[in-house]
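Numbered from 1 within each chain, the chains take letters A, B, ... in sequence-line order. Owing to the predicted nature of the structure, the values given are computational and were not obtained by experimental measurement. When reading the values below, keep in mind they use all heavy atoms of this one structure, side chains included, and skip hydrogens, waters and symmetry mates.
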There are 2 protein chains.
Amino acid sequence: MDDACTVNQTVRYLTRKWMLLIILELYKGSSHTRRFSDLKDSLDGITPKVLSERLKELEDEGILTRKVDATAFPVKTEYTLTASGLEIVDVIRGIKRWALKWKIENIPCGIQDCGACVL
Amino acid sequence: MDDACTVNQTVRYLTRKWMLLIILELYKGSSHTRRFSDLKDSLDGITPKVLSERLKELEDEGILTRKVDATAFPVKTEYTLTASGLEIVDVIRGIKRWALKWKIENIPCGIQDCGACVL
DNA sequence: TTGACCGTGCACGCATCATCCATGGTATAC
DNA sequence: GTATACCATGGATGATGCGTGCACGGTCAA
């Protein structure tokens, strides 16, 4: 398990705090697009500082694209999952499958019913 | 995305540092079993303290079982993936699939060739 | 005029993880 | 018989990642 191993590196990248949850929230948006404040409100406990950092990192890796809508006021920034980002949702689906199978207490998250949510 | 949501909780649990990599190394062992020092040597950069903590957490969640072999000297401690733990490997497979598709530079990790390794 | 919202980024404090070391009991080296 | 290495674990202390609190500049509604 070399440090340079791609699988190793990818695991360490994707398991940084908030990474997968941000991708999941983006996935839930129409056209897999959501705005900064929208994400911030959905991710309970995330700080704008970290959200901003993570979004930049995800953009750098080509997992999402950033588009600033300067026509509207206040300026709105939209983040959209790329094809590469969309496929990461499969990983989250795997985690969900495991959780629902082995963790009996399936507590739904608000409006989203985990048992039948978009995942 | 409520804090109490099972998927949310599971993501946060599994994405703690070293979690998935420890499970992957256990999976590589014969009968999905490996010893403490063996794991420590395979996981480049992990400290024995954190490894010990993580193994205990994984045992508490029923993801692995711990067996002390007191007949041998020095005493050897063996960790084995449970059925629940085995299925987490599917999640890692998902990450590998994604990495090999979107990250061109597939750097093998030592003896394990990522392109054809046990995953 | 005053306040609210938008996305970002700073200075500071805490929680997590890394570093270093200690343990006890036994096998091998000398 | 003395020394040293291995095994798994846990404590004390540092470093780093992330949370907290706050500020920005620009434009809207009240």
Side-chain angles (χ1 to χ4, degrees), chain A residues 1 3 8-26 29 33-61 63-81, chain B residues 1-3 8-23 25-26 29 33-61 63-81:
Chain A
M1 181 64 70
D3 271 355
N8 191 337
Q9 287 182 341
T10 306
V11 166
R12 285 186 309 205
Y13 177 80
L14 287 180
T15 60
R16 297 181 59 192
K17 199 162 185 185
W18 296 109
M19 276 294 188
L20 292 180
L21 294 178
I22 290 172
I23 293 170
L24 176 54
E25 287 303 319
L26 280 175
T33 300
R34 295 186 79 177
R35 296 191 297 107
F36 185 88
S37 307
D38 193 15
L39 289 170
K40 177 168 64 60
D41 294 339
S42 296
L43 295 163
D44 202 29
I46 200 171
T47 63
K49 171 193 163 79
V50 175
L51 177 56
S52 192
E53 288 172 359
R54 288 289 177 274
L55 288 170
K56 180 158 177 36
E57 293 164 5
L58 290 167
E59 186 188 10
D60 290 342
E61 285 297 321
I63 291 169
L64 56 79
T65 56
R66 180 172 175 274
K67 200 180 71 178
V68 179
D69 181 5
T71 68
F73 304 100
V75 171
K76 298 184 197 312
T77 313
E78 290 185 334
Y79 295 91
T80 305
L81 281 184
Chain B
M1 182 63 68
D2 191 330
D3 271 354
N8 191 338
Q9 287 183 341
T10 305
V11 166
R12 285 186 307 204
Y13 177 80
L14 287 180
T15 60
R16 295 183 61 191
K17 199 162 185 185
W18 297 110
M19 276 294 188
L20 292 180
L21 293 178
I22 289 172
I23 293 170
E25 287 304 318
L26 280 175
T33 299
R34 296 185 79 177
R35 296 191 296 109
F36 184 88
S37 307
D38 193 14
L39 289 171
K40 177 168 64 61
D41 294 339
S42 297
L43 294 163
D44 202 30
I46 199 171
T47 63
K49 178 186 166 69
V50 174
L51 177 56
S52 191
E53 289 172 358
R54 289 289 176 275
L55 289 170
K56 180 157 179 34
E57 292 164 4
L58 290 167
E59 186 188 10
D60 290 343
E61 286 297 322
I63 291 169
L64 57 80
T65 57
R66 180 173 175 273
K67 202 180 71 179
V68 179
D69 181 3
T71 68
F73 303 101
V75 172
K76 299 186 196 311
T77 314
E78 290 184 335
Y79 295 91
T80 305
L81 281 183

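- Between the CZ atom of A:R66 and the C1' atom of C:dC6 there is a distance of 12 Å, rounded to whole Å.
- Nucleotide C:dC5 holds its C1' atom 14 Å from the CG atom of A:D38, rounded to whole Å.
- Comparing D:dG10, D:dC7, C:dT8 against the side chain of B:S52 picks out D:dG10 as the nearest.
- Dashed line: the shortest gap from a side-chain N or O of A:R16 to OP1 or OP2 of D:dT16 is not under 4.0 Å.
- Contact check, A:K17 against C:dA15: no side-chain N or O comes under 4.0 Å of OP1 or OP2.
- Between C:dA18 and B:W18, a contact under 4.0 Å exists linking OP1 or OP2 to a side-chain N or O.
- Among the atoms of the strands shown, base atoms are found under 4.0 Å from some heavy atom of A:T47.
- Where A:T77 and A:K49 each meet DNA chain C at their nearest nucleotide, the meeting point lying more 5' is that of A:T77.
- Rounded to whole Å, atom P of D:dG21 lies 14 Å from atom NZ of A:K40.
- To the nearest angstrom, P of C:dC17 lies 8 Å from CD of B:E57.
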Residue pair B:E59, B:K56: steps toward the salt bridge (Lys or Arg N to Asp or Glu O under 4.0 Å) verdict:
CA-CA 5 Å; B:E59 186 188 10; B:K56 180 157 179 34; 5.3 Å; no
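- The nearest heavy atom of DNA chain C to B:R54 and to B:P48 marks one nucleotide each, and the one closer to the 5' end goes with B:R54.
- Proximity of A:L58 to A:Y13: side-chain heavy atoms (C-beta onward) are separated by under 4.5 Å at one or more points.
- In this entry the distance linking CD1 of B:I46 with C1' of D:dG10 reads 15 Å, nearest Å.
- We find that CE of B:M19 is positioned 13 Å from C1' of C:dT16, with the value rounded to whole Å.
- If B:P74 and B:Y79 are placed on DNA chain D by their nearest nucleotide, the residue sitting closer to the 5' end is B:P74.
- B:L51 has its CG atom 18 Å from the P atom of C:dT16, to the nearest Å.
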